[in-house]
There are 2 protein chains.
Amino acid sequence: MTKGKRRGRPIRPRPDNAPNLEDVARRAGTSIITVSRALRQPDKVRPETRARITAAVEALGYIPNLAASSLVSRRSGIIAVVVPTLGNSIFTDTLHGLSDGVTAAGRQLLVGDTGYSEAAEHALITALAGRRPDGIAIVGIVRNLRSRTLLSGLGVPVVETWDMTDDPIDHVVGFSNEAAGRAMARYLIDRGRRRLVFVGGNDLRSRAREAGYRAVLQEAGLATAAAFFTDQSPSSFGEGRRLMHRISTLEPRPDAVFFSTDVLAVGGIIECRQLGIDVPREIAIAGLGDLEIGRALVPALTTVQIPSYQMGRRAAEILSQRLAGADLAEKIVDFGVNIVARDSA
Amino acid sequence: MTKGKRRGRPIRPRPDNAPNLEDVARRAGTSIITVSRALRQPDKVRPETRARITAAVEALGYIPNLAASSLVSRRSGIIAVVVPTLGNSIFTDTLHGLSDGVTAAGRQLLVGDTGYSEAAEHALITALAGRRPDGIAIVGIVRNLRSRTLLSGLGVPVVETWDMTDDPIDHVVGFSNEAAGRAMARYLIDRGRRRLVFVGGNDLRSRAREAGYRAVLQEAGLATAAAFFTDQSPSSFGEGRRLMHRISTLEPRPDAVFFSTDVLAVGGIIECRQLGIDVPREIAIAGLGDLEIGRALVPALTTVQIPSYQMGRRAAEILSQRLAGADLAEKIVDFGVNIVARDSA
DNA sequence: TCTCGCTATGATAACGTTATCATGACTGGC
DNA sequence: GCCAGTCATGATAACGTTATCATAGCGAGA
C-alpha cells in the first residue's frame, strides 16, 4: 500500500478552537446550510429545527466567521472611515455620528487616520480597500487624483464630509469653509468692525476660511489687518492665548479677531481677560465649530456652527440608503453656514 | 447529450470588477502562488519575476482581498476596540494612541461604542469577535461575566484600560480610579481644606473616584460636605457651571470641590469667577483628566493627570508584542496617579 | 560522477461561509 | 385523486487567498 503523493494542505484538527457551522450542524442534527439559514433568515426554517439550532449555537458559543461570509457574499458589513486625526474632538464627533448611524444597520467601522498627509491618506485608503468595505466615509475632500480614481473604482458608495465641492467622488455632506469665512467677515463688518484679523491653521480647510474672509474684506474695501497661522494640529487653547497676546500688541490694535477654530478662540478670550481687554467692546472675538465650551464661557463665544455629529450621522444614512439599493439623486448635501451670535462679537 | 444535473453555484463572470491573484498571475505570466509570495515575501522571488508581478499589480490596480487572506491564514490584521462613547475626547485620545501604536504594525482598528450599556457591550464584543480580530482593546474593565468568558475564550490577547484590577481578563493598562480619588482628597486636606465636596458622573469609574475620596475623608475624621452627580455623559462645561452654582449656595459653604472630570471642573471655575468667588482662596477647585484647557485657564486647573493617549499607545504595544509571540509576564501596568498642582487648588 | 542542499516555482487542498439549484413532502383547488 | 404550488431541507460549487509539500535546476563538495 503506497502512501501516494501527498500534496496540498495536510488534514489535521483545526488549531482554532472556534466552532464553525459544521460543529453546530452536527450538534443540531441538521445540515450546514440549514444552520446558516436559521441564523440569517429564521422564518425560512421550521421552528423546531430552529430551536435545536439555537440551542446548539448557545451551547457551543458559535460566532459566525464574517471573513468567510464576506468572501462569498461580497458584503463585508464594514464601513471604512478616513479621518485626518483622531486627536481632534471635532472629527471624532463626526465619527460618533457615523458610529450611531452605522450600528443601526448592523455594520461596523474600520477607522484610520492620515495625520493630514496625502501619502498616508492614499496608503490608508488602499489598506482599507483590502477589506472590501461596503461603503467609505471620509472627513475632508480627497484632492489627490490617484486616491480619487482608486475610490471611484472601488464600486462602493463614498461620502466626503466637512467641506464642499461641486465635484464629489460620489457624495458630499458638508459645508463650504470659504462661505464660513465670508459669513463671519460680513458679520463682523456689519457690527462695525473695521480692523479684522484672521487666525488659523495650515490645513486646507483653514485656508479656505481665510480666503473667504479676505474676499469679503476686499469687497468691502478693508484690508486684513494681519493673519496668523499656527502649525499645531490639532490647535490648542494655549496656542490661542499666545497668538492673542501677539495680536494685542499690534499697532493700531485690531477690533476683531476671527479664529478659525473655537479652541483657538477660547484661548483668545482667556488671554484678553487676562490682559484686561474688554471683549467685545475693545476687541470682538469669534470662532468656528460651536464647541460646548464656547457656550459656557464668559463672555459666550460667537461662532460658526458646525454640525460635526450630524454630518457623520447623515453620511451614515446616505451610505445605508445606497446599500439598501436606493439611487440617490442628491449627491451634494450642504448644511450651510450658521453664525451663532453670542456675547464675544 | 444530456445537460445533466446542474447543482451548486453556476459558473459565470465575476460580478466584481476587482482583479484577483489569478488576473495578476496571468498578466505576469506566472502562477497564483508566486504572485502571493512576491507580495508577502519579496526576497523569495527572483527579481525579474518580481518586477513583472509588480508591473501587473500596478497595471491592474490589484488590492489583495484581506477577507480571503484572514480566512486561510487565521490572521485578520484587525484590532477590535471597545469604547464607552465616541463623544468624549478623553476616550478618543486613547483611541488615538491605539491607532498610532497599531498602524506601525500594519494592523487596522475596528471600533465600536457601547453607550455605557453592559448589554450593548456584550453585543458589540460578539459582533467584533465575528471578524476574528488578532487582539482586543477595551476602554474600561469588563464586569459582565459572560462577556469576560467570551473574551477569554477567543484565544487572542485582550487589554483592558482606564481602570485597575487585580484580575484582568488578560492584560490591564490603567490606573486606579479609587486611588485618584484618595490622592485628591489627601491633597486637598493637606492644603488645609476641611469642607470637601465631590462632583461626578454616574458611571463606574466616577463612583470609584468618589469611594476613594470619601474613604480618605473618613480616615481624616472629616465628613463629605456633599456629593453631586450628573447623568450627563459625557459631561459638559455648562453642567459644571450649574452644579457649581448649586454648591455655592450650601451652608456652610464648602472650601474645596473635586470634580470627577476636568470638563466639569472648568465649568466650576468659570461659574466661580462669574459669582465673584475667589478661586482658590475661598474655594479650591480640582479636576481629573489634565485636559489642555485646564492649563490655559485662569486660574490654571489643579488636576489628576490621566495619560489617555499613552494608555492607548501602551495597550497597542502590548498587543503587538503578544502577537509577535512574546509571553509577557507583566499583566498589570499601573500608570499610577499624579496630581498636577496648579493654581486652582 | 554522484549526492546533497539550496533556490525558484508550482500544484493542491483547505479556510468557513453563502448562492444556486434540486428534491421530497405536503397543501389546496378542482 | 391529480396537479400545481409552497415549504423545508439539502447537495454542491464557489469566493480569493495561504499552508504545505513537491520538484526541477544548479552548484559545491566528496
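In what follows, chains are A, B, ... by sequence order, proteins preceding strands, each numbered from 1. From a predicted model like this one, the values you see are computed outputs, not experimental measurements.
- Among residues two or more places apart in sequence or in another chain, the salt bridge (charged side-chain N to carboxylate O under 4.0 Å, His left out) test is passed with D163(A) by R143(A).
- Looking at S320(A), its side chain does come within 3.5 Å of a backbone N or O of A316(A) through a donor-acceptor pair.
- Every residue meeting the side-chain contact (heavy atoms from CB on, under 4.5 Å) condition with T126(B), not counting sequence neighbours, appears here in chain and number order: I63(A), H122(B), L150(B).
- The distance between atom CD of E22(B) and atom P of dC15(D), rounded to the nearest whole Å, is 9 Å.
- dT18(D) atom P lies 11 Å from atom CG of L71(B), rounded to whole Å.
- Residues passing the salt bridge (charged side-chain N to carboxylate O under 4.0 Å, His left out) test with R46(A), sequence neighbours excluded: E48(A).
- Here dC15(D) presents its C1' atom at 15 Å from CG of L66(A), a figure rounded to the nearest Å.
- With sequence neighbours excluded, the residues forming a side chain to side chain donor-acceptor pair (under 3.5 Å) with T34(B) are S31(B), listed by chain and number.
- Within the helix from dT1(C)-dA30(D) to dC30(C)-dG1(D), the inter-axis angle between the opening and closing five-pair segments is 40°, rounded to 10°.
- With rounding to whole Å, R132(B) atom CZ is found 14 Å from dC15(C) atom P.
- Legend: residues meeting side-chain contact (heavy atoms from CB on, under 4.5 Å) with A56(B), ordered by chain and number and at least two apart, are V24(B), R27(B), A28(B).
- Scanning for side-chain contact (heavy atoms from CB on, under 4.5 Å) contacts around L124(B) gives V82(B), T114(B), L128(B), with sequence neighbours left out.
- Sorted by first and then second residue, the salt bridge (charged side-chain N to carboxylate O under 4.0 Å, His left out) pairs with a member in residues 112-127 of chain B form an empty list; sequence neighbours excluded.
- Regarding contacts with the backbone of dA19(D), a side-chain N or O of R75(B) is found under 4.0 angstrom from either OP1 or OP2.
- For D100(A), the side chain to side chain donor-acceptor pair (under 3.5 Å) partners two or more places apart in sequence, or in a different chain, are Y309(A).
- Going from atom CG of L21(B) over to atom C1' of dA19(D) covers 14 Å, rounded to whole Å.
- The list of side-chain hydrogen bond (donor to acceptor under 3.5 Å, both in side chains) pairs with a residue in residues 58-67 of chain A, not counting sequence neighbours, is empty.
- Within residues 27-37 of chain B, the residues that have a heavy atom under 4.0 Å from DNA chain C are, in order of number, T30(B), S31(B), I33(B), T34(B), R37(B).
- Between N20(B) and dG16(D) there is a side-chain polar atom (N or O) within less than 4.0 angstrom of OP1 or OP2.
- Only V45(B), R46(B), T49(B), listed by number, bring a heavy atom of residues 39-64 of chain B to less than 4.0 angstrom from any atom of DNA chain C.
- For R50(B) (side chain) and V45(B) (main-chain N/O), a donor-acceptor pair under 3.5 Å exists by modelled atom type.
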